[in-house]
Amino acid sequence: MSQSSTQKQIPLTERGHRVFDVVRKFGKGAQEIEATLTSTTGEFLRFGNNELGQSQFTKGRTLSVRLASEKKQARTTTGRLEESFIQKAVEKAVAQLKTAPEDPDYLPMLGHQKYRTINRYHERTVQESAETKAGHVGYAIELARKNNLLASGILGTSVDEVFMINTAGLEADYKGTGGYFSLTMDADNGNQTGYANSTFADISELDAKQVSETTLERARLNKAQSEITPGKFDVVIDPNAWSEMLFFFIVSASTGFSPDFGVRQYREGRSYLSGRMDEKILGDNVTLVDDVYHPLQTGPAFDGEGYPKSNLTLVENGLLKGLASSRISAHRYDGVNPTGHELPLPNPLGEAPTNLVIQGKGGTKTTDELVGELDKGLLLTRLWYIREVEPRTKTLTGMTRDGTFLVENGKIKRPVKNLRFNQSLLELFNNIDGFTEPVRNTSFTGTTMLQPGILARDFNFTSVSPF
Amino acid sequence: MNSTKSLGEELSRVCLETATRENATYADFRLVNTISEVVGIINENPASEELNDLGAGMRVLYKDSGWGFADTDEVNPENIRDTTGKALALARGATKIGSKVSFVKEPVHVEDWVSPKKKDPLEVSTDTKYGLLQDATGRMKEEGIVARRGQIFSTRIEKYFANSEGSKIFQDLTQTGASLIVAAKGPSGIQRRSIQQYVLGGYELLDELDLPGQAPTLTKEALALTQAEGCPEGKSDVILSADQVGLQVHESCGHPIELDRVLGYEANFAGRSFLTPDQLGKLQYGSKHVNIVMDATLTHGHGLGTFAYDDEGVQAQRKYAVKNGKFVGYLMSRGTASHVGENRSNGCMRADTYKLPIIRMTNVSLEPGDWDYNELIEDTRDGILMDTNYGWSIDQKRYNFQFNCEKGYRIKNGSLGEMIRGPGYSGITPEFWNACDAVGNQKSWVLWGTPNCGKGQPQQVMGTGHGAAPSRFRNIRTFGAS
């Protein structure tokens with residue numbers, strides 16, 4: 001068995017045209033119609049306690065319809081593509097359209113667009129047999145068993161497809177594969193533990209053996225931890241350790257988890273960046289770009305209304321230089337051009353960069369090389385449960401887990417108990433002395449980020465856990 | 001007959017016959033139809049969406065040692081047969097890396113259950129909802145306010161469950177929720193005030209919440225917070241508002257009593273737990289004032305963790321997790337109960353739509369104590385009142401936590417004093433709950449809804465309930481978050 005289906009598959013674009021004909025038939029009361037068809041299939045081998053206990057195959061499609069008339073909009077989404085259910089969904093949207101308030105920012109739907117070609121679909125990921133994937137998991141479990149450890153984690157592969165079409169002549173489509181292998185080995189109720197993970201678009205990129213061996217090596221090192229007094233430490237953060245923390249660059253809790261790097265939020269004063277354009281917010285050696293075309297990035301080359309995505313420099317050499325924009329912002333504000341970062345409409349939240357690439361200046365090194373440059377400090381292999389404490393300084397709190405190591409004179413000396421930190425993200429990015437090559441990682445919300453590991457000064461730890 | 005139920009009956013036969021023919025030890029089938037609607041406004045911009053999601057999930061146990069699960073949104077007999085085959089193939093593969101599963105017994109149940117509601121929220125027009133939100137957010141327009149946001153959530157979940165033992169259960173659940181947020185900008189940066197509540201019930205919630213009536217107070221408080229002093233750093237007696245106590249229960253009791261994480265099945269993502277089986281019946285988790293129940297029954301209230309049967313067909317139950325401060329029980333499933341010597345699950349397997357069921361919180365609630373809210377304040381000589389959660393974080397075994405709230409007040413000699421912004425507190429779970437010396441009574445007890453608890457890989461989102469009253473904790477570490 002593999003993730004591919006034995007049933008004959010109709011291409012999503014062909015199915016999308018058929019569905020759009022049905023949507024138009026029942027949406028005659030609307031002046032403009034947009035339909036977005038998405039399809040996701042996934043196969044996940046999930047294991048824990050050295051057992052393959054939660055193997056899952058999952059398949060889902062949705063049709064989302066946006067109708068608009070006289071500056072009013074309504075959206076309905078359905079998981080059923082039979083005509084009677086499409087009719088029901090469209091008629092519901094037509095009814096909502098009649099009573100919806102006017103959206104002062106409404107713009108007519110976008111016409112035909114040209115997109116840069118991106119190839120993110122890898123047949124090998126789809127065709128890889130469950131047996132081969134179970135072999136990767138089996139190797140990890142066997143390695144754990146031999147070392148009196150328990151393996152837990154997941155090996156997942158997926159195919160995502162999107163087709164967007166509207167009555168103004170727009171057609172956009174995307175098909176991509178992805179996957180990840182996340183592994184923990186532990187013993188003594190997690191008092192001894194190690195972790196590693198890897199993501200891929202093409203499963204042949206996955207070196208499952210290396211993930212297993214890195215996890216084992218860290219688990220072997222991380223036992224009988226000693227307690228250290230919290231305070232400021234220089235740190236090396238492994239590139240795979242901190243996607244959740246970096247996600248807070250672009251999202252704030254202060255207005256209910258809304259994006260920060262968009263023109264609308266910036267101009268309305270809702271963003272922590274408001275009023276800081278051209279100010280130095282990060283170190284000279286940090287550049288932040290949004291680049292959907294980067295070979296390691298994921299997702300389509302168009303935004304939530306089908307506008308082509310541009311590459312965007314957000315922070316250049318530490319200076320705030322750009323913001324994600326959209327047609328709405330270009331219409332609302334003088335001197336603003338759309339960059340293709342709109343969310344699906346109607347969207348009162350504002351724009352969001354969704355393909356972040358964090359670039360460090362001054363050459364790239366491996367995590368081991370960064371550790372070699374650390375006189376005294378801590379190596380952090382995983383950060384966990386990050387939340388915003390204060391939005392303007394982007395002070396975040398969270399914990400270390402699965403391996404925190406004291407480093408002296410460039411060598412790992414001993415493992416230490418897990419620590420809580422309260423650290424400003426902006427301050428941290430002003431204190432970086434070295435970078436690794438960025439790796440692809442996915443935050444807990446699904447946003448793909450290319451993130452480096454770092455060597456940084458004065459990371460602020462505030463308390464210690466009992467383990 | 002309800003169309004989800006009749007389709008579920010037809011398709012479950014296909015699934016269960018296929019699994020039985022292929023010699024599965026056990027199989028269950030769920031058809032879930034979810035209709036959810038969100039109506040919202042941020043500043044002047046409206047947005048609404050209705051989502052209808054129908055699909056089926058099939059779980060198969062093979063040779064007592066391999067589990068396989070598959071789901072699909074193509075709900076026709078041919079595809080259900082094919083998808084059951086995928087679950088069987090995964091289960092056969094898992095037997096090679098599995099161990100013998102001990103699956104405790106559950107009586108066969110055949111029942112239909114509809115959750116109570118006075119006003120179906122999906123029958124209330126979006127026009128009415130927009131009107132209410134425009135009224136509420138309109139009352140927040142003031143100099144210094146940078147964001148006004150209101151949302152109303154309406155959900156109906158129809159589920160049909162059948163298993164190879166003969167259970168056939170249909171449930172029809174209605175949930176309603178609402179939130180209102182206002183953000184002000186001033187000398188101390190952006191300060192937020194908000195309210196939110198989610199229940200198993202109907203649109204009557206919106207009448208109870210009175211969003212337009214609350215909007216001016218929230219706005220005034222957000223503006224006042226931009227001028228307020230920060231929270232002192234050090235140690236202090238702390239009184240937490242009921243909603244904050246509810247989240248504290250969720251994070252520091254609800255998660256560590258999930259038996260799957262205790263047994264190591266969640267070690268890679270959600271983590272493990274400090275509440276290991278050797279502590280059961282022995283550990284003094286909290287003071288004698290701390291009684292925490294796991295209660296999915298309607299008698300407990302209209303919570304997001306209220307139902308008649310869980311997603312593996314086990315009847316809703318009420319059990320203690322903590323009794324007079326002592327740790328006494330776990331959230332369990334049929335596959336895990338025997339690991340702690342139980343011969344019946346207490347019904348905590350729940351799934352996000354038709355995905356794989358995993359152990360989740362139901363309603364995990366702190367039972368009310370005997371203190372009037374006013375008595376709590378009057379009895380506190382020097383302390384801090386903290387109200388409405390802003391941020392939360394806890395380690396993977398649920399020991400070391402840190403929370404910060406939207407607003408606070410100093411308490412001096414039994415009276416509320418000046419307002420303080422961003423009050424925060426931190427601690428170690430058993431030390432914290434053992435420092436609890438007073439719990440508010442039934443008058444101030446509320447069953448709060450938490451709609452967005454994440455767990456599992458791929459991640460699932462689940463609604464849980466947490467009953468709580470304002471409570472006092474002695475000598476707690478405090479800090480200023482902003």
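Values below: every heavy atom of this structure, side chains too, minus hydrogens, waters and symmetry copies. Letters A, B, ... are given to chains in the order of the sequence lines, protein chains preceding strands, and every chain is numbered from 1. The structure displayed is predicted, hence computed values, not measured ones.
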What residue, out of A:Arg61, A:Lys98, A:Glu388, has the most heavy-atom pairs lying under 4.5 Å from chain B? A:Arg61
What part of B:Asp260 is in contact with chain A, defined as an atom under 4.5 angstrom from a non-hydrogen atom: side chain, backbone, both or neither? neither
Side chains of A:Thr78 and B:Asn52: is there a donor and an acceptor less than 3.5 Å apart? no
Among A:Gly190, A:Pro101, A:Ala93, single out the residue with the greatest number of heavy-atom pairs under 4.5 Å to chain B. A:Pro101
Taking atom CD of B:Gln196 and atom CD1 of B:Ile181, what is their separation to the nearest 0.5 Å? 7.5 Å
B:Arg59 versus chain A, heavy atoms under 4.5 Å apart: side chain, backbone, both or neither? neither
Which atoms of B:Ser273 come close to chain A, meaning under 4.5 Å heavy atom to heavy atom: side chain ones, backbone ones, both, or neither? backbone
If you count heavy-atom pairs under 4.5 Å with chain B, which of A:Asn197, A:Val464, A:Leu345 comes out on top? A:Val464
N-O pairing of B:Lys100 and A:Glu51 below 4.0 Å: no
Picking from B:Thr128, B:Thr95, B:Thr126, B:Ile428, which has the most non-hydrogen pairs under 4.5 angstrom with chain A? B:Thr126
In plain terms, say whether A:Lys394 and A:Asp260 are close enough for a salt bridge, that is, a side-chain N and a carboxylate O under 4.0 Å apart. yes
Gap between atom CZ of B:Phe479 and atom SG of B:Cys231 - 0.5 Å precision: 8.0 Å
Chain B contact via A:Glu102 - which portion, at a heavy-atom distance below 4.5 Å: backbone
At a 4.5 Å cut-off on heavy atoms, which part of A:Asn50 comes close to chain B: side chain, backbone, both, or neither? backbone
Non-hydrogen atoms of chain B under 4.5 Å away: do they reach the side chain of A:Arg401, the backbone, both or neither? side chain
Using heavy-atom distances under 4.5 Å, tell me whether B:Lys129 contacts chain A through its side chain, its backbone, both, or neither. neither
Residue A:Ser64 versus chain B: region with a heavy atom under 4.5 Å: side chain
Can you tell me which of B:Ser48, B:Gly264, B:Ser393, B:Gly391 forms the most heavy-atom pairs within a distance under 4.5 Å of chain A? B:Ser393
Side chain to side chain contact (heavy atoms under 4.5 Å, CB included) between B:Val32 and B:Thr34, worked out: CA-CA 6 Å; B:Val32 182; B:Thr34 308; 3.7 Å; yes
Measure distances from A:Asn418 to the heavy atoms of chain B and classify the residue's part below 4.5 Å as side chain, backbone, both or neither. neither
Charged N-O contact under 4.0 Å between A:Arg75 and B:Glu49: no
Tell me, for B:Asp395 versus chain A, whether the close heavy atoms (under 4.5 Å) come from the side chain, the backbone, both or neither. both
Any idea which of B:Tyr390, B:Trp67, B:Tyr130 has the most non-hydrogen atom pairs under 4.5 angstrom with chain A? B:Tyr390
Which answer fits A:Leu150, side chain, backbone, both or neither, if we ask what part of it has an atom under 4.5 Å from a heavy atom of chain B? side chain
Charged N-O contact under 4.0 Å between B:Glu266 and A:Arg46: yes
Ranked by heavy-atom pairs below 4.5 Å to chain B, first place among A:Asn189, A:Thr397, A:Ile154, A:Thr184 goes to A:Asn189
Is B:Phe403 close to chain A through its backbone or its side chain, or both, or neither, when contacts mean heavy atoms under 4.5 Å? neither
Test item: A:Thr400 side-chain N/O and A:Leu383 main-chain N/O as donor-acceptor pair under 3.5 Å: no
What do the steps show when you test B:Ile394 against B:Thr429 for side chain to side chain contact (heavy atoms under 4.5 Å, CB included), and what is the final call? CA-CA 9 Å; B:Ile394 189 162; B:Thr429 297; 4.2 Å; yes
Does any heavy atom of chain B fall under 4.5 Å from the side chain of A:Thr395, the backbone, both, or neither of them? neither
Can you tell me which portion of B:Ala270 sits under 4.5 Å from chain A's heavy atoms? Options are side chain, backbone, both or neither. backbone
Looking at A:Gln265, A:Arg392, A:Gln96, A:Glu268, which makes the most heavy-atom pairs under 4.5 Å with chain B? A:Gln96
Side-chain contact, heavy-atom cut-off 4.5 Å: A:Gln56 with B:Pro458? yes
Greatest number of non-hydrogen atom pairs under 4.5 angstrom with chain B, of A:Tyr195, A:Phe467, A:Phe44, falls to A:Phe467
Pick one of side chain, backbone, both or neither for B:Glu251, based on which atoms fall under 4.5 Å of a heavy atom in chain A. side chain
Which portion of B:Leu51 sits near chain A, non-hydrogen atoms under 4.5 angstrom: both
With a sphere of 6.0 Å drawn around CZ of A:Arg332, does it hold more than 12 non-hydrogen atoms of other residues, nucleotides or ligands? yes
Answer with side chain, backbone, both or neither: which region of A:Leu45 has an atom nearer than 4.5 Å to a non-hydrogen atom of chain B? side chain
Side chain, backbone, both or neither of B:Arg398 within contact of chain A (heavy atoms, under 4.5 Å): side chain
Decide yes or no on side chain to side chain contact (heavy atoms under 4.5 Å, CB included) for B:Lys397 and A:Ser465, but give the supporting numbers first. CA-CA 9 Å; B:Lys397 285 212 233 177; A:Ser465 265; over 6 Å; no
A:Thr99 vs B:Ser125, side chain to side chain contact (heavy atoms under 4.5 Å, CB included): CA-CA, chis, key distance, verdict: CA-CA 9 Å; A:Thr99 57; B:Ser125 70; 5.7 Å; no
Side chain, backbone, both or neither of B:Ile358 within contact of chain A (heavy atoms, under 4.5 Å): side chain
Strictly distance-based, threshold 3.5 Å: is any side-chain N or O of A:Gln192 a donor or acceptor partner for the main-chain N or O of A:Ala187? no
Which atoms of A:Arg66 are under 4.5 Å from chain B, going by heavy atoms: the side chain, the backbone, both sets, or neither? neither
